[in-house]
Amino acid sequence: MSKRKHYWLMKSEPEDFSIDDLARVRTEPWTGVRNYQARNFMRSMEVGDGVLFYHSSTEIPGIYGVAEVVSAAYPDPTQFNPKSKYFDEKSTPEQPRWFLVDVGYVRTLKHPVTLEAIRAHAEELGEDFALIRRGTRLSVLPVSAVQWKLLLSLE
DNA sequence: GCCAACGTTGGC
DNA sequence: GCCAACGTTGGC
């Protein structure tokens, strides 16, 4: 009974939550994803999956760390909290709309793999790499084993 | 079911 | 702060 490990890239605005924050808290529920495609990816995650921690909307966007999935998907509690900015009045505990996983710290990259460097390897990464595909804005996206290896070789 | 208006993402 | 590209909403 072996399962193939899957890989993902997850974006966060470092002013909001950075790899240093994750290093401090060790594990963090990935709240606030309100995009159906990203949600579907999170629902398919399994404990042990690898995560590239990407800083977006910052001076030098890029991959700054490695994390891992440390829980199965479960309903995002913020959707039920009227005080939360992620509150969704159309969601109920009986039929939750939004799911998340807990993400655990693995390591901080010695040198970030910048978006610029990633773009420079666009050809090897392939057309299907959603991070640099034109027009895609996904905050959670799949990474193949080959892409994972290539991206981390740029550290 | 169409589509205009609006909100969000995220690089620059 | 700008703006392109998307996704969602709601009137019809």
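The sequence lines fix the lettering, A, B, ..., with proteins before strands; numbering per chain opens at 1.
Of the side-chain N and O atoms in K11(A), none sit less than 4.0 angstrom from OP1 or OP2 of dT9(B). An OP1 or OP2 oxygen of dG11(B) is reached within less than 4.0 angstrom by a side-chain nitrogen or oxygen of Y54(A).
Between D76(A) and R34(A) there is a salt bridge, since at least one side-chain N of the basic residue sits less than 4.0 Å from a carboxylate O of the acidic one. Salt bridge absent: R107(A) and E68(A) never bring a charged side-chain N and a carboxylate O closer than 4.0 Å.
Atom P of nucleotide dC6(C) and atom CG of L141(A) are separated by 15 Å, given to the nearest angstrom. At whole-Å resolution of the value, CZ in R34(A) and P in dG7(B) are 19 Å apart. Protein atom CD1 of I60(A) is 13 Å distant from nucleotide atom C1' of dG11(B), rounded to whole Å. Put simply, CD on E15(A) is 14 Å from P on dG10(B), counting in whole angstrom units. Separating the CZ atom of R97(A) from the C1' atom of dG7(C) is a distance of 13 Å, rounded to the nearest angstrom. Atom pair Q37(A):CD and dC6(C):P shows a separation of 12 Å (rounding to whole Å applied). Atom CZ in R137(A) sits about 15 Å away from atom P in dT8(C), given to the nearest Å. Between the P atom of dA5(C) and the CZ atom of R133(A) lies a distance of 15 Å, rounded to the nearest Å.
Because its NZ or CZ atom is not both nearer than 6.0 Å to the ring centre of Y105(A) and within 45° of the ring axis, R26(A) does not count as a cation-pi partner of that residue.
Between G32(A) and R119(A), the residue anchored nearer the 5' end of DNA chain B, judged by the nucleotide with its closest heavy atom, is G32(A). Residue-to-nucleotide proximity on DNA chain C shows that, of K90(A) and T136(A), the 5′-proximal contact is made by T136(A).
The shortest distance between side-chain heavy atoms of T114(A) and P61(A) does not fall below 4.5 Å.
Q147(A) pairs with exactly one of L152(A), D128(A), L9(A) by the side-chain contact (heavy atoms from CB on, under 4.5 Å) rule, that one being D128(A).
Across dA5(C), dG11(B), dG7(C), the shortest atom-to-atom separation from the side chain of L115(A) is found for dG11(B).
Base engagement by S57(A) is indicated by at least one non-hydrogen atom pair under 4.0 Å involving a base atom.
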